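Predicted model only: the values in this text are computed from it and were never measured. Quick note: numbers below take in every heavy atom, side chains included, and nothing from hydrogens, waters or symmetry partners.
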Amino acid sequence: EVQLVESGGGSVQAGGSLRLSCTASGFTFGGSYMGWYRQASGAECELVSHIRSDGLTYYVESVKGRFTISQDNAKNTVYLQMNSLKPEDTAVYYCAADRFVLLRNIYCMTGRVNYWGQGTQVTVSS
């Protein structure tokens with residue numbers, strides 16, 4: 001059974017930083033994609049960032065220069081370092097993994113991506 005376990009969410013003031021972690025079990029990251037979606041209250045699901053096992057990355061425009069995704073293949077863990085956080089970054093962040101590139105314009109926690117974490121809340125206050 002594949003499990004993605006997230007940690008690192010919380011509350012922070014604008015300008016602060018948080019680091020999200022996602023550790024996969026029962027899933028070998030090699031040759032696959034892992035990343036993060038987020039969904040704010042009343043908003044659509046958004047692909048924030050993903051990383052391929054060879055290091056290729058993607059970032060949504062709104063987080064470029066502020067967020068950094070990285071991986072530890074030995075630990076099957078992906079990290080999302082979030083700096084200069086803004087109130088508009090407030091959302092539930094979901095870790096996701098798939099053998100294929102993570103899709104944009106989907107509903108979070110659906111079968112369009114094979115594996116999902118349980119979600120972790122990030123709240124940024126002004």
Sub-4.5 Å side-chain heavy-atom contact between Val92 and Arg38: no
Measuring only between side-chain heavy atoms, which start at C-beta, is Leu85 closer than 4.5 Å to Leu18? yes
Find out whether Leu20 and Val122 are in side-chain contact, i.e. whether some heavy atom of one side chain is under 4.5 Å from a heavy atom of the other. yes
Just wondering, do Tyr94 and Leu4 contact through their side chains at under 4.5 Å, heavy atoms? no
Which heavy atom in Val113 sits nearest to a heavy atom in Ala97, and how many Å separate them? CG1-O, 3.5 Å
Does the pair Ile51 and Val78 meet the rule for a side-chain contact (heavy atoms from CB on, under 4.5 Å), with working shown? CA-CA 8 Å; Ile51 186 166; Val78 171; 4.1 Å; yes
Shortest non-hydrogen contact between Gln71 and Gly55, atoms and distance: NE2-N, 3.8 Å
Quick one: do Tyr33 and Phe100 satisfy ring pair (Phe, Tyr, Trp, His ring centres under 6.0 Å)? Show the steps, please. CA-CA 6 Å; Tyr33 293 79; Phe100 303 100; 8.5 Å; no
Which of these passes side chain to side chain contact (heavy atoms under 4.5 Å, CB included) with Tyr37: Tyr93, Tyr107, Trp116? Trp116
hydrophobic_cluster_shared for Tyr59 and Ile106, side chain cutoff 4.5 Å: yes
Under 3.5 Å side-chain donor-acceptor pair for Thr23 and Thr77: yes
Does Glu6 reach the main-chain N or O of Gly119 with its side chain, forming a donor-acceptor pair under 3.5 Å? yes
Would a 4.5 Å heavy-atom cut-off, applied to side chains only, mark Ser53 and Ser32 as touching? no
Could you check whether any side-chain N or O of Arg66 sits under 3.5 Å from a backbone N or O of Ser84, counting only pairs where one atom can act as donor and the other as acceptor? yes
So does Asn114 get a backbone contact from the side chain of Asp98, meaning a donor-acceptor N/O pair under 3.5 Å? yes
Heavy atoms from other residues, nucleotides or ligands near CZ of Arg112 exceed 12 (cutoff 6.0 Å): no
Residue pair Ala91 / Ala40: nearest heavy atoms and the distance that separates them: CB-N, 3.7 Å
When you compare the side chain of Gln121 with that of Thr123, does any pair of heavy atoms fall below 4.5 Å? yes
Flag yes if more than 12 heavy atoms outside Asp54 fall under 6.0 Å of its CG atom; otherwise flag no. yes
Atom pair CG/CZ of Leu102 and Arg52 - distance to nearest 0.5 Å: 12.0 Å
If you compare all heavy atoms of Cys22 against all heavy atoms of Met34, which two are closest, and at what distance to 0.1 Å? SG-CE, 3.8 Å
Nearest atoms (heavy-atom pairs only) where Trp36 meets Ile69: CD1-CD1, 4.0 Å
Contact summary for Pro87 and Ser126, nearest pair of heavy atoms: CG-CB, 3.9 Å
With the 4.5 Å side-chain cut-off for hydrophobic clustering, are Tyr79 and Val63 part of the same group? no
Around atom CD of Gln81, are there more than 12 heavy atoms of other residues, nucleotides or ligands at under 6.0 Å? yes
Counting C-beta onward and ignoring hydrogens, is there a side-chain heavy-atom pair between Met82 and Asp89 closer than 4.5 Å? no
Would you give the length of the straight line joining atom OG of Ser49 to atom NZ of Lys64, rounded to the nearest 0.5 angstrom? 10.5 Å
Does the side chain of Tyr58 come within less than 4.5 Å of Leu47's, by heavy atoms? yes
Using 0.5 Å steps for rounding, measure from the OG atom of Ser62 to the NZ atom of Lys86. 8.0 Å
So, Asn76 side chain and Phe27 main chain: donor-acceptor pair closer than 3.5 Å or not? yes
